[in-house]
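Since the structure comes first, as structure tokens, the remarks are kept for the end.
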Amino acid sequence: QVQLVESGGGLVQAGGSLRLSCAASGRTFSSYAMGWFRQAPGKEREFVAAISRSVNNIYYVDSVKGRFTISRDNAKNTVYLQMNSLKPEDTAVYYCAADPQTIILITTTRAQNWGQGTQVTVSS
């Protein structure tokens with residue numbers, strides 16, 4: 001098990017940028033693939049991005065490709081989501097997730113560990 005705490009959300013105008021951080025507790029961070037999901041009001045939680053344990057494999061949902069960048073720092077037990085060129089449709093609660101298997105993150109919403117979420121609001 002790993003505990004996850006997100007930060008960095010807020011209100012930004014369309015076209016702006018935000019960087020989300022997710023700090024993980026424990027000494028096994030490098031054993032987990034990490035992902036970001038989001039859930040807008042009235043919608044299901046959706047996959048946004050994932051990064052494998054070794055950083056060799058990175059995945060994005062099509063709607064954020066070219067605008068969002070996921071990265072991780074295993075020395076700091078932290079995963080990041082740099083979000084540029086934000087759009088109103090990016091407004092959602094963003095959740096960090098961790099699972100030993102990258103495939104679980106990119107194909108399901110059944111990751112083993114979840115953070116509490118951080119609100120991102122993009123105004124038009």
Side-chain angles (χ1 to χ4, degrees):
Q1 290 286 346
V2 61
Q3 283 71 52
L4 305 172
V5 178
E6 303 97 334
S7 61
L11 173 64
V12 64
Q13 288 187 335
S17 298
L18 283 173
R19 188 175 83 152
L20 305 183
S21 299
C22 173
S25 65
R27 294 178 291 179
T28 59
F29 178 74
S30 59
S31 299
Y32 289 89
M34 300 298 298
W36 287 95
F37 292 74
R38 65 187 179 187
Q39 188 166 17
K43 295 188 177 181
E44 294 186 351
R45 189 170 299 188
E46 68 167 349
F47 167 78
V48 175
I51 185 167
S52 64
R53 292 173 292 178
S54 62
V55 194
N56 288 340
N57 298 295
I58 291 176
Y59 307 87
Y60 298 99
V61 68
D62 285 347
S63 60
V64 308
K65 286 181 179 176
R67 301 188 298 122
F68 290 11
T69 303
I70 188 171
S71 62
R72 67 188 294 164
D73 185 337
N74 286 345
K76 294 183 178 180
N77 284 9
T78 302
V79 62
Y80 304 97
L81 186 68
Q82 178 66 44
M83 306 186 294
N84 298 328
S85 302
L86 282 161
K87 304 175 181 179
E89 51 263 44
D90 294 318
T91 295
V93 177
Y94 283 70
Y95 297 90
C96 176
D99 196 278
Q101 300 184 68
T102 308
I103 190 68
I104 296 296
L105 292 175
I106 64 175
T107 60
T108 79
T109 56
R110 300 194 304 271
Q112 285 187 0
N113 305 277
W114 291 90
Q116 293 301 305
T118 185
Q119 177 70 48
V120 172
T121 303
V122 184
S123 63
S124 57

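Numbering of residues begins at 1 and proceeds along the displayed sequence.
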What pairs with [X] under side-chain contact (heavy atoms from CB on, under 4.5 Å), at least two apart in sequence or on another chain?
| X | value |
| --- | --- |
| Q1 | Q3, N113 |
| S63 | R38, V61 |
| S30 | N74 |
| S31 | T28 |

Legend entry - Pairs satisfying side-chain hydrogen bond (donor to acceptor under 3.5 Å, both in side chains), at least one member in residues 47-58, at least two apart: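 Counting only pairs at least two positions apart or across chains, the side-chain hydrogen bond (donor to acceptor under 3.5 Å, both in side chains) contacts touching residues 47-58 are S54-N56.
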
Inset, instruction - Please list all pairs passing the side-chain hydrogen bond (donor to acceptor under 3.5 Å, both in side chains) test where one or both residues lie in residues 97-112, with sequence neighbours left out. - result: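 Every candidate side-chain hydrogen bond (donor to acceptor under 3.5 Å, both in side chains) pair involving residues 97-112 fails, so no pair, neighbours aside, qualifies.
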
Legend entry - With sequence neighbours excluded, residues passing ring-ring contact (aromatic ring centres under 6.0 Å, His included) with F37: F47, W114

Inset, instruction - Name all pairs fulfilling the ring-ring contact (aromatic ring centres under 6.0 Å, His included) condition that reach into residues 13-36, sequence neighbours left out, sorted by first residue then second. - result: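 Those involving residues 13-36 do not exist here.
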
Inset, instruction - Not counting sequence neighbours, which residues clear salt bridge (Lys or Arg N to Asp or Glu O under 4.0 Å) with K65? List them please. - result: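 D62.
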
Legend entry - Residues in salt bridge (Lys or Arg N to Asp or Glu O under 4.0 Å) contact with R19, at least two apart in sequence or another chain: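 Once residues adjacent in sequence are excluded, R19 has no partner under the salt bridge (Lys or Arg N to Asp or Glu O under 4.0 Å) criterion.
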
Exercise: identify the closest heavy-atom pair between [X] and [Y]:
| X | Y | value |
| --- | --- | --- |
| Q119 | A92 | NE2-O, 3.4 Å |
| A111 | L105 | CB-CD2, 3.6 Å |
| V2 | S25 | CG2-O, 2.9 Å |
| I106 | A50 | CG2-CB, 3.7 Å |
| V93 | G117 | CG1-CA, 3.8 Å |
| A24 | L4 | CB-CD2, 3.7 Å |

Legend entry - 4.5 Å side-chain heavy-atom contact, Y95 and Q39: yes

Should [X] and [Y] be counted in the same cluster of Ile, Leu, Val, Met, Phe, Trp and Tyr side chains packed under 4.5 Å apart?
| X | Y | value |
| --- | --- | --- |
| V55 | F68 | yes |
| I51 | V5 | no |
| L11 | L18 | no |

Inset, instruction - Ignoring hydrogens and angles, tell me if any N or O in the side chain of T118 forms a donor-acceptor pair with the backbone of Y94 under 3.5 Å. - result: no

Distance-only donor-acceptor hits, side chain of residues 80-89, under 3.5 Å, sequence neighbours excluded:
{"residue": "Q82", "atom": "NE2", "partner": "N84", "partner atom": "OD1", "Å": "2.9"}
{"residue": "N84", "atom": "OD1", "partner": "S17", "partner atom": "OG", "Å": "2.9"}

Inset, instruction - Can you run down the disulfide (SG to SG under 2.5 Å) pairs that involve residues 51-124, sequence neighbours left out, and say none if there aren't any? - result: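 Residue pairs passing disulfide (SG to SG under 2.5 Å), neighbours aside: C22-C96.
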
Inset, instruction - Test V120 against L20 for side-chain contact (heavy atoms from CB on, under 4.5 Å), laying out the working first. - result: CA-CA 9 Å; V120 172; L20 305 183; 4.0 Å; yes

Legend entry - Q116, CD atom: more than 12 neighbouring heavy atoms under 6.0 Å: no

